[in-house]
Amino acid sequence: MRQLFFVIAVFFSIISAVFVFLPLGTLALLPVGIALIFGFLALKKSDLNQAKRVKLFLAITIFSLIIIVGKTLFFPDTVDKDPQFETQKRESKDEAQKELEELE
Amino acid sequence: MKKYYLIISIVLVCYNGFSQIKSGEKLVFAASYNMGGLMTHLAQVTMETETIKTSKNTFLHLSCSAATFSKWDSFFKIRDLYESFVHPITLKPSLYKRNILEGSYTKTEKYIFKPDGKTINSTLKKKNVPEENTTFSIANGTQDIVSLIYKLRTVDFQNYKNGQMKSFQVVFDKKEIPVVVKFMGKETVSTGNLGNKECYKLSIGARTKVLKGKDQNIIWLTADAQKIPALIKFSIPVGTGQLKLSNASGI
């Protein structure tokens, strides 16, 4: 059972670390949560020697968690200026104005 | 005779309620989608109003645009634009436009509301599909989806009791859909730069596959003269999400 918990914890710990570099926002907390749960379960069932490896992956997960939370709190989501979209909006309005004139 | 027309018009306008929608209003929302139980910020939705003048008439241009946050653009880019050109007081639509870009999917739709108020000329354009022109009938007083949101803001909910309903007709995807708005009381909601405000809680029910569940599509309008949408929670067949007001200006 310890082995299973450890494998799951390692898998999600790696996923968490990968998600840190992807723009997934709070969604990246999902593998962090799973990695922490299974990491602590594996730690509980480990002896002193086995615990070292579990602690390493728990540390990676906690480090990922700090970065994800930091990114969410200190880097607000922004929308890029999209000149194409702005032009489309302007053209749509101009076209609508002509259509409204024709309606009258 | 002209005097009588003027008096009748004033009485009708007073009876139906004046539009409280100001030109130059800009509301910015953060749209989130529930992914695996976590609300993930996906896009920015902007609702704007502007006065448009033609040689004979004045219209209120209601626009609603959605753009994914830059971090999502390389995965799934959304650039949607919904527009409605309405009478500035009655909010009766004359022209409705919908321009969708969602990933590789594009769609352009246009409804011209005929002056009789009972007919729509529709133009639909999709990628790799020839343009489709149709004419269909609607009931008098039918709104498009954009003008409906603004129309809702002109309703006086002050004396509404819990469970009290108001009906609307909306045309979407060339189908006329009855929409029922149920008053669910008042709640205090965060309204971005405006702080916490008491809001009317309204449940939106429509006989359509687009919206799912009972009392799961809810809009909170500030319980003041402006009735600004502060929070919108929606439930659609592919999940749930919300639109939260982050900035309001020109109100």
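Below, read A as the first sequence line, B as the second, and so on, with proteins coming before strands; counting in each chain starts at 1. Values in this document were obtained by computation on a predicted structure and should not be read as measured data.
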### Query
Would B/Asp73 and B/Ser70 count as having a side-chain donor-acceptor pair, cut-off 3.5 Å?
no

### Task
Let me know if A/Ser92 has heavy atoms under 4.5 Å from chain B in its side chain, its backbone, both or neither.
both

### Query
Is there a donor-acceptor contact under 3.5 Å from the side chain of B/Thr154 to the main chain of B/Lys151?
yes

### Message
At a 4.5 Å cut-off on heavy atoms, which part of B/Asn121 comes close to chain A: side chain, backbone, both, or neither?
### Response
neither

### Query
So, does B/Asn99 use its side chain to make a donor-acceptor pair with the main chain of B/Glu109 at under 3.5 Å?
no

### Query
For B/Thr68, is it the side chain, the backbone, both, or neither that has a heavy atom closer than 4.5 Å to a heavy atom of chain A?
backbone

### Task
Flag the one option from A/Asp77, A/Leu30, A/Leu22, A/Leu29 with the top tally of heavy-atom pairs under 4.5 Å to chain B.
A/Asp77

### Task
Counting only heavy atoms closer than 4.5 Å, note whether B/Lys53 contacts chain A via side chain, backbone, both or neither.
backbone

### Task
Give, as side chain, backbone, both or neither, the part of B/Leu101 having an atom under 4.5 angstrom from any heavy atom of chain A.
neither

### Task
Below 4.5 Å from any heavy atom of chain B, which atoms of A/Lys98 appear? Answer side chain, backbone, both or neither.
neither

### Message
Hydrogens and angles aside, do B/Asn57 and B/Thr54 bring a side-chain donor and acceptor to less than 3.5 Å of each other?
### Response
no

### Message
Strictly less than 4.5 Å between heavy atoms, which residues of residues 82-90 of chain A line up against chain B? Please order them by number.
### Response
A/Asp82, A/Phe85, A/Gln88, A/Lys89

### Message
With no hydrogens and no angle check, just 3.5 Å: does a side-chain donor-acceptor pair link B/Gln216 and B/Ser235?
### Response
yes

### Task
Give a yes-or-no answer on whether the side chains of A/Ser16 and A/Ser64 include a donor-acceptor pair shorter than 3.5 Å.
no

## Note on the structure
Comparing B/Lys97, B/Glu50, B/Lys114, B/Gln44 against chain A, the one with the most heavy-atom pairs below 4.5 Å turns out to be B/Lys97

### Query
Is the NZ or CZ atom of A/Arg2 positioned over A/Phe6's six-membered ring, under 6.0 angstrom from the centre and within 45° of the axis?
yes

#### Entry: Ring centers of A/Phe5, A/Phe38 separated by less than 6.0 Å
yes

### Task
List for me each residue that meets ring-ring contact (aromatic ring centres under 6.0 Å, His included) alongside B/Phe136, sequence neighbours excluded, and say none if there are none.
B/Tyr111

### B/Ser55 side chain to A/Glu101 side chain, donor-acceptor N/O pair below 3.5 angstrom
yes

